Structures are given as structure tokens and as C-alpha cells.
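Have a look at the structure below, then the notes.
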Amino acid sequence: FVAWGKPHPEWLTEPAAIARIGLPRLTASAPPLRVPRAVAEQGLLSSPQLETVAYAVRRFRTKLPNGSRAGYYLGDGTGCGKGRMIAACFWHLWNEGSRRHLWLSASADLLE
């Protein structure tokens with residue numbers, strides 16, 4: 001996990017097959033995550049959530065052979081905070097100058 005942020009409030013699990021997959025290291029030379037420091041300090045996003053956002057925004061910097069920007073699949077289960085992570089990705093991208101974002105969900109609960 002990343003060295004900043006607070007522990008996740010609930011247990012997070014992953015299938016053994018997924019746990020064996022090594023992710024590329026997040027290094028200090030990578031461009032910074034552009035969300036307020038208070039997001040980590042106040043525990044608005046946990047350390048595992050911040051790590052996911054860091055991987056996602058790093059992937060967004062990748063250009064595909066056709067010139068379009070790469071995406072990131074967030075397949076976490078219920079209660080992992082996908083909505084918070086998506087919002088943090090949007091926040092980062094907004095601070096990078098990207099002004100167009102689209103969030104689709106099948107959940108009507110997000111409207112409240």
C-alpha cells in the first residue's frame with residue numbers, strides 16, 4: 001500500500017489469483033496525485049483507496065496506439081468506496097486541466 005492515508009475502515013479481501021499479480025511500483029518520480037492533502041490526513045480516502053487512485057491516474061496518462069487516452073477498470077466489490085475513488089480521479093483530472101468527465105452508474109442510491 002501507499003505510505004500515506006489511513007487504514008481502510010473495513011476489511012478488504014482479494015482472490016488469491018489476483019493477490020499473486022505484481023503491480024508496477026509507484027515511485028517518487030511519478031507525477032503527484034493532485035488531490036488535497038487533507039483527503040489523506042482526514043481519512044476521507046484510505047491508503048488502499050489512494051493507491052487505487054494513484055494507479056488509475058497513472059494509467060490515464062498512457063496513450064493508446066490510436067491516440068486516445070487509456071482507461072482504468074475499477075472492479076472492487078460492494079463497500080470498497082468505488083464512488084469516492086472515482087470522485088478522487090475526477091478531482092485529480094480537473095486539477096490537471098481536464099474539464100469533461102462522465103460518471104455512469106446503475107445505482108439510484110448515488111442520487112441522494
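Note that the structure is a prediction, hence the values are computed from the model and not measured.
Expressed to the nearest 0.5 Å, how far CG of L23 lies from CD of E51 amounts to 7.0 Å. Rounded to the nearest 0.5 Å, atoms OG1 (T52) and CD1 (I86) are 11.0 Å apart. The CD atom of E10 sits 12.5 Å away from the OG1 atom of T78 when rounded to the nearest 0.5 Å. Interatomic distance, L50 CG to K6 NZ, rounded to the nearest 0.5 Å: 12.0 Å. To the nearest 0.5 Å, atoms OG (S98) and NE2 (H92) are separated by 9.5 Å.
Of all heavy-atom pairs between R59 and A70, the closest is O-CB, 3.5 Å. Shown here for C80 and L12, the closest heavy-atom pair between the two residues is SG-CD2, 3.8 Å.
At distances below 3.5 Å, at least one donor-acceptor pair connects side-chain atoms of R84 with backbone N or O atoms of L44. Put simply, the side chain of K82 gets close to the backbone of G77: a donor and an acceptor are under 3.5 Å apart.
Under the 4.5 Å side-chain contact rule for hydrophobic residues, V39 and W94 do not share a cluster.
With sequence neighbours excluded, the residues forming a side chain to side chain donor-acceptor pair (under 3.5 Å) with E96 are R34, R61, listed by chain and number. Qualifying side chain to side chain donor-acceptor pair (under 3.5 Å) partners for S68, counting only residues two or more places apart in sequence or in other chains: N66. The ring pair (Phe, Tyr, Trp, His ring centres under 6.0 Å) search around F90 returns H101, W103, not counting sequence neighbours.
More than 12 heavy atoms of other residues, nucleotides or ligands shown are found within 6.0 angstrom of CZ on R99. Heavy atoms of other residues, nucleotides or ligands lying less than 6.0 angstrom from CZ of R58 number more than 12.
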Can you list the steps and then say if F60 with C89 is a side-chain contact (heavy atoms from CB on, under 4.5 Å)?
-> CA-CA 10 Å; F60 296 155; C89 286; 4.2 Å; yes
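Side-chain contact check for V53 versus W91: every heavy-atom pair is 4.5 Å or farther apart.
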